[in-house]
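Presented below is the structure to which this report refers.
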Amino acid sequence: MRLDKYLADMGIGTRSEVKQHIHKGLVSVNGALPTGPNQHVQPGADEIFYQGEPVSYQEYEYFMLNKPQGCVSAVTDPQHQTVLDLIDKKNRKDLFPVGRLDRDTEGLLLITNNGRLCHNLLAPGKHVPKTYFARISGNVTDEDTAQFAKGINIGEQRDTLPAELQILSHDGTFSEITLTITEGKFHQVKRMFQAVGKEVVYLKRISMGNLKLDESLQPGEYRQLTEEEIRLLGQTKENTKRC
Ligand code: URA
């Protein structure tokens with residue numbers, strides 16, 4: 001890999017800024033001044049320093065964000081704060097959110113630059129399970145559970161795939177539930193409840209594939225995934241069992 005790409009990938013500056021840093025002698029490779037921006041370096045083997053600080057190379061970055069309400073699941077947006085705006089301690093500039101949560105939905109959002117992992121989690125044929133906690137206006141019933149398990153019409157060409165609805169509590173006015181779905185249709189959870197005459201008043205994603213939201217993260221907080229979480233995510237299997 002070229003030295004200027006290595007440094008630009010790691011957020012030291014744009015390619016042209018990095019070239020200037022190299023020409024000014026601010027960069028060293030294995031203790032010596034590099035021959036130029038196009039010097040070949042080997043991530044993981046060569047020791048690269050910028051202004052005396054080591055710069056190690058990370059091909060992929062993975063963050064778990066507890067998405068707060070009010071921000072959009074996008075990289076940039078002309079009007080609203082984005083989920084990427086919240087990740088201030090990042091190296092890579094090519095990060096993106098894996099899928100979308102509505103602006104008023106909270107919870108687990110994976111942010112990475114690993115396109116293959118993203119595809120494996122989101123491709124429609126993969127049926128990766130996603131679990132949501134929701135507060136519903138109305139009394140969610142065992143009949144709703146049975147209907148969701150069978151699949152219901154939300155105005156798409158096909159009924160929804162079988163989904164697992166668990167009723168946690170209800171007090172006559174509101175119900176608290178978890179719902180696991182294996183698709184990602186637009187506003188799917190809200191539309192499923194609409195189809196049975198109820199309204200989602202609060203929605204939070206709590207898991208996606210093998211990744212669970214770290215409940216110590218407050219809305220708006222994030223952390224890097226652990227090595228174990230990255231490994232488990234890579235092992236996320238298609239949900240062939242179909243709830
Ligand atoms: N279903 C919804 O209705 N909204 C979301 O944000 C995610 C799933």
Side-chain angles (χ1 to χ4, degrees), residues 63-75 77 79-87 96-112 118-138 140 144-145 147-168 174-215 217-222 233 236 238-239 242-243:
F63 296 99
M64 172 190 297
L65 170 69
N66 184 354
K67 179 193 170 297
Q69 295 183 355
C71 74
V72 292
S73 301
V75 174
D77 188 275
Q79 274 185 315
H80 301 110
Q81 185 182 46
T82 73
V83 289
L84 258 300
D85 292 333
L86 297 171
I87 313 291
F96 51 83
V98 176
R100 283 164 192 269
L101 292 176
D102 296 338
R103 218 172 121 206
D104 60 358
T105 300
E106 285 181 9
L108 176 65
L109 194 61
L110 172 65
I111 312 265
T112 184
C118 176
H119 171 81
N120 285 338
L121 292 171
L122 294 187
K126 302 279 183 188
H127 302 300
V128 168
K130 288 158 283 252
T131 301
Y132 295 84
F133 167 84
R135 195 163 300 121
I136 311 294
S137 176
V140 178
D144 298 329
T145 304
Q147 276 198 275
F148 283 11
K150 210 157 60 79
I152 53 162
N153 181 355
I154 58 167
E156 299 275 332
Q157 275 188 337
R158 296 200 184 134
D159 285 358
T160 54
L161 289 175
E164 189 177 332
L165 173 61
Q166 286 193 327
I167 303 165
L168 304 177
F174 294 104
S175 309
E176 292 194 336
I177 60 95
T178 59
L179 177 64
T180 302
I181 58 176
T182 60
E183 309 162 275
K185 300 255 185 313
F186 185 60
H187 294 332
Q188 179 158 344
V189 176
K190 291 173 185 164
R191 287 163 69 201
M192 286 173 75
F193 280 100
Q194 249 167 27
V196 292
K198 279 143 209 164
E199 192 194 355
V200 174
V201 294
Y202 172 79
L203 186 60
K204 173 182 179 179
R205 183 157 63 196
I206 54 177
S207 74
M208 183 178 197
N210 291 331
L211 187 64
K212 291 193 174 29
L213 178 66
D214 178 341
E215 291 289 349
L217 293 173
Q218 297 305 305
E221 291 184 346
Y222 68 93
L233 254 189
T236 292
E238 298 178 24
N239 185 11
R242 296 284 155 79
C243 303

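Note that the numbering runs from 1 along the sequence shown for the chain. Counting starts at 1 for both ligands and their atoms, in listed order. Computed from heavy atoms alone, side chains included, the values below leave out hydrogens, waters and symmetry copies. The shown structure was predicted, so the numbers you read here are calculated from the model rather than taken from an experiment.
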**OP:** Look up atom CD1 in Ile136 and atom CZ in Phe174, then write down how far apart they are to the nearest 0.5 Å.
**Re:** 10.5 Å

**OP:** Give the numbers and elements of all ligand 1 atoms closer than 4.0 Å to a heavy atom of Tyr132.
**Re:** 7 (C), 8 (C)

Original post:
Would you call Asp77 and Arg103 a salt bridge, taking side-chain N to carboxylate O under 4.0 Å as the test?
Top reply: no

**OP:** Heavy-atom contacts with Gln188 under 4.0 Å: which atoms of ligand 1 show up? List them by number with element.
**Re:** 1 (N), 2 (C), 3 (O)

**OP:** Please say whether His187 places an N or O atom under 3.5 Å from an N or O atom belonging to ligand 1.
**Re:** yes

Subject >> For atom 1 (N) of ligand 1, closest protein heavy-atom neighbour >> reply: Val189 N, 3.1 Å

Original post:
Of all the non-hydrogen atoms in the protein, which one sits nearest to atom 4 (N) of ligand 1, and at what distance?
Top reply: Asp102 OD2, 2.7 Å

Subject >> Spatial distance of atom CD (Gln166) from atom CG (Leu179) [nearest 0.5 Å] >> reply: 10.0 Å

**OP:** For residues Ile152 and Asp159, determine if any side-chain heavy atom of one lies less than 4.5 Å from a side-chain heavy atom of the other.
**Re:** no

**OP:** Pull out every atom of ligand 1 sitting under 4.0 Å from any heavy atom of Thr105, numbered as shown with elements.
**Re:** 4 (N), 5 (C), 6 (O)

Original post:
Would Glu176 and Arg135 pass as an ion pair if we require N to O under 4.0 Å?
Top reply: yes

Subject >> side chain to side chain contact (heavy atoms under 4.5 Å, CB included), paired with Leu213, selected from Lys67, Lys204, Arg205, Met208 >> reply: Lys204

**OP:** Please state which part of Leu203 comes within less than 4.0 Å of ligand 1, counting heavy atoms only: side chain, backbone, both or neither.
**Re:** side chain

